Structure formats: structure tokens, C-alpha cells
There are 2 protein chains.
Amino acid sequence: MGSEPSGRVAASGGRVAVALDLLRERNERVTRARQAVLETLDGTAEHLTADEIVSQAESIAPGVHRATVYRALATLGELGLVTHTHIGGAAAVYHLALPAPATARHAHLQCTRCQAVIDVPVDILAPLTATLDRDLGFQLEPDHAALLGLCADCRSAR
Amino acid sequence: MGSEPSGRVAASGGRVAVALDLLRERNERVTRARQAVLETLDGTAEHLTADEIVSQAESIAPGVHRATVYRALATLGELGLVTHTHIGGAAAVYHLALPAPATARHAHLQCTRCQAVIDVPVDILAPLTATLDRDLGFQLEPDHAALLGLCADCRSAR
DNA sequence: CTGCTTGCAAAGTGTTTGCAGGCCC
DNA sequence: GGGCCTGCAAACACTTTGCAAGCAG
């Protein structure tokens, strides 16, 4: 399944390795729990909820605790390595913000009927971002909360 | 304080009265709890959380229960009389969607630093709404979730 | 060693649900 | 009087926190 030659993380080039380096750089400790969280996030293109991260991290670092995952996500978030998005009023989803914090960012649309989450490039929000900036001085974080509405399927279905 | 001549709700013209009429029209029951919720929402220009609505409704209809307020808000929401907005990952805020369901709607910006909530006319989101509609067939509900970012004050402060 | 991190358990929000009784129509 | 609504309590989902032990540096 994995593209790594061995069971270990690649020594260079991998996003996890980059993240771990940044941890060391900031004098944050490199722990099994944090590695497991980073590898989990690196291993999926999906948006993972904290609970899903717990499950998957569990298989990398058995015994890792839910609370620890939350704390790791908070720390990694403060360092800018991980971002989260609030989906409606429910659980937040997390993703790795690497290689560059501003690259490949996407916003989320969620359907209020079927709950589907649709990724859209942040570009779509660029005009709005500019407007809010110009008119109100508000610096939008376009990927920090999902936009809610009805998806195409549910619109035609009802 | 109030602009009503007596302690009772005005027989006509009041938003609460309009809402109650619509309830009857839909064969939904007009109960003390629902009235209290509507009057509470009518009485403030603020965005109220469910908990704040409970407190204030309590003084109109003593003994009204939290769960009942949630159910009333759900029912009123389904009828289009009340809308709610998810503010970040925290409690939703509710407002009366009257007189007309599509009038005076506003979106919410929330500052991720100072938590302030800023109202903006939905017009600002019109271009985005049009883009999402055209490109993806997604029907945005611009006031259903707050947009997160940094407010002008916090931007300059840091 | 020093103290940041973890595991555990428990508490804290915000919201929903099952049930029996009560009120609206 | 029939059935929708309510009050109550308990459960629920997500997240946070206090504390003692553990591991990173």
C-alpha cells in the first residue's frame, strides 16, 4: 500500500519529515504521538475528523489517547503545520498544511441536505477575500469554516 | 422599554403575530413555549445562542425547558421563520427571519482572535453565490455559517 | 535530570432523544 | 378527546482539563 521502501519514514522529502524538522527547529518535542498524527494526516487525501485521526494513529502508535491527539493537533496547528475546518456545527476536520502553508489550499462546501463535503480551490473565494479586505479590513481565512448550502444533486432531487 | 402599549403582543403588524399566524396556517400549534421563543428573538437585535434564548424565554414563560426551546427552534426553522448560523465550532446563533424570509439577511464574519462577530449584508456574498451556482450548481446559504478570519483591529494589533 | 508530553478519567459544552403527562385545536 | 408538544432526565458527540507517571532532549 505505502510507497515507502521500508516501514520507516523517508529520511528526506517526505512531508512528515519536513514537519518533524520544523518541530525540532521550534524546540518542540518529537514524540510518537505527534509522529503518528502527522503520518496519519500525510497518509490520506481525505479530511479527517479528530476521531478518525485517533483510530488511524492508533494503528501506528498503539495506545495513543484521544486527548493526546487533540493536544497534538492543537500544537501542530499553532505551528502552522496543520489546519482545521469547522464543518457546520459538527466535528472539525483536519489536514496537513504542507509543503507550503499557502499551497494547494482549498475551501469546503457542505450540503445541508446530504452532508456531502465538496472541495473547491480557494481561488473561487479570491474576489470575496479581496472585497472583505478592501471594504472592512477583514482578513478572510477561506478554509477555516465550511460554506453551507445545497449541492447540485440535492437541488435537483427535491 | 417596549413599544407595545400593553403587556400583550400587538394584534397586527408585530413580527411575532405574523409568525404565529404562519404557524396556524401550517397547522402547527401555537404554544407558550413557541411564543416565548419568538418574542425573545423579536425583542433583541442581537444574535442569540440557544442558551440565551432559554434564559430570556424563561422570563416570559417560566419553566420552559431547554429541550423545548431546541425543538421550537427546529420547528420554526423548518417553517423558515427562524434561521441559525454556526459560529466557528461553537454554539449556533439564531435570528428571526421576518418580515420576509429573504429580506435584511446578513452574513456573519467572526474574528478568530477576539471572537467578535461582524454582520455584513449578504450582498457582499452575491458574486460568490453566483459563481458557485454557475460553476458547481451549488446553492450557497450565505448566512448559514460564519466566515472566519481576522478583524481589522486584530490585524493591526498583532 | 528537568519538565514538556502523555494516558487516564472526569468534567464541560452544545444538542438530541425516549417517555409519560399536558395542552392545543 | 386525539394527538402534537412539553418537561424531565438521560444520553450523545465533540472537546478540554487536572493529575501523576513517562519520555525527550
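Chain A is the first sequence line, chain B the second, and so forth, proteins listed ahead of strands; every chain is numbered from 1. Predicted model only: the values in this text are computed from it and were never measured.
Rounding to whole angstrom units, CG of residue B:Leu23 and C1' of D:dC4 are separated by 13 Å. Between the C1' atom of D:dT6 and the CG atom of B:Leu76 lies a distance of 14 Å, rounded to the nearest Å. Atom-to-atom, OH of A:Tyr70 to P of D:dA13 comes out at 12 Å; the value is rounded to the nearest Å. Whole-Å rounding puts the A:Arg66 CZ to D:dT17 C1' distance at 16 Å.
The two residues A:Gly88 and A:Gln110 have their closest heavy-atom pair at N-OE1, 3.8 Å. Minimum interatomic distance between B:Ala152 and A:Leu136 (heavy atoms only, all atoms of both residues): CB-O, 3.7 Å. Here the shortest heavy-atom pairing between B:Val69 and B:Ala50 reads CG1-O, 4.3 Å. For A:Cys111 against A:Cys151, the heavy-atom pair with the smallest separation is SG-N, 3.4 Å.
Contacts classified as ring-ring contact (aromatic ring centres under 6.0 Å, His included) and involving residues 31-63 of chain B (residues at least two apart or in different chains) are given here: B:His47-B:His95, B:His47-B:His106, B:His47-B:His108. Sorted by first and then second residue, the ring-ring contact (aromatic ring centres under 6.0 Å, His included) pairs involving residues 119-157 of chain B (not counting sequence neighbours) are B:His84-B:His144, B:His86-B:His144. Sorted by first then second residue, the side-chain hydrogen bond (donor to acceptor under 3.5 Å, both in side chains) pairs that include residues 122-139 of chain B, not counting sequence neighbours, are A:Arg155-B:Asp133.
For the side-chain contact (heavy atoms from CB on, under 4.5 Å) with B:Leu96, the qualifying choice from B:Thr83, B:Leu38, B:Thr40 is B:Leu38, the only one to do so.
Under the 4.5 Å side-chain criterion, counting only non-hydrogen atoms from C-beta, A:Gln35 is in contact with A:Leu20. At a threshold of 4.5 Å between non-hydrogen side-chain atoms, the residues A:Glu28 and A:Arg34 count as touching.
With sequence neighbours excluded, no residue satisfies salt bridge (charged side-chain N to carboxylate O under 4.0 Å, His left out) with B:Glu141. A search for side-chain hydrogen bond (donor to acceptor under 3.5 Å, both in side chains) contacts involving A:Thr44 returns nothing, not counting sequence neighbours.
For DNA chain D, the neighbouring residues in residues 48-62 of chain A, judged by any heavy atom under 4.0 Å, are A:Ala50. Near DNA chain D, meaning a heavy atom under 4.0 Å away, there are no residues from residues 84-95 of chain B.
The C1' atoms of five pairs define one axis at each end of the helix from C:dC1-D:dG25 to C:dC25-D:dG1, and these two axes lie 30° apart (to 10°).
At least one donor-acceptor pair under 3.5 Å links the side chain of B:Thr75 to the backbone N or O of B:Arg71. Within the 3.5 Å criterion, the main-chain N or O of A:Asp143 finds a donor-acceptor partner in the side chain of A:Thr85.
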| note | For nucleotides 18-25 of chain D, 5' to 3', base contacts (B), sugar-phosphate-only contacts (S) and non-contacts (-) with protein non-hydrogen atoms under 4.0 Å give B-----BS

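Through side-chain heavy atoms spaced under 4.5 Å, either directly or across other Ile, Leu, Val, Met, Phe, Trp or Tyr residues, B:Val117 is tied to B:Ile87, B:Val93.
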Side-chain donor/acceptor pairs under 3.5 Å, residues 52-63 of chain B, sequence neighbours excluded:
residue: B:Glu52; atom: OE1; partner: B:Thr49; partner atom: N; Å: 2.8
residue: B:Glu52; atom: OE1; partner: B:Thr49; partner atom: OG1; Å: 3.4
residue: B:Ser55; atom: OG; partner: B:Asp51; partner atom: O; Å: 3.1
residue: B:Glu58; atom: OE2; partner: B:Gly63; partner atom: N; Å: 3.2
residue: B:Ser59; atom: OG; partner: B:Gln56; partner atom: O; Å: 2.8

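Where B:Arg34 and A:His65 each meet DNA chain D at their nearest nucleotide, the meeting point lying more 5' is that of B:Arg34.
Mapping heavy-atom proximity under 4.0 Å, the span of DNA chain C touched by chain B runs 5' to 3' from C:dG14 to C:dC25.
In terms of phosphate contacts, B:Thr68 brings no side-chain nitrogen or oxygen within less than 4.0 Å of OP1 or OP2 of D:dC5.
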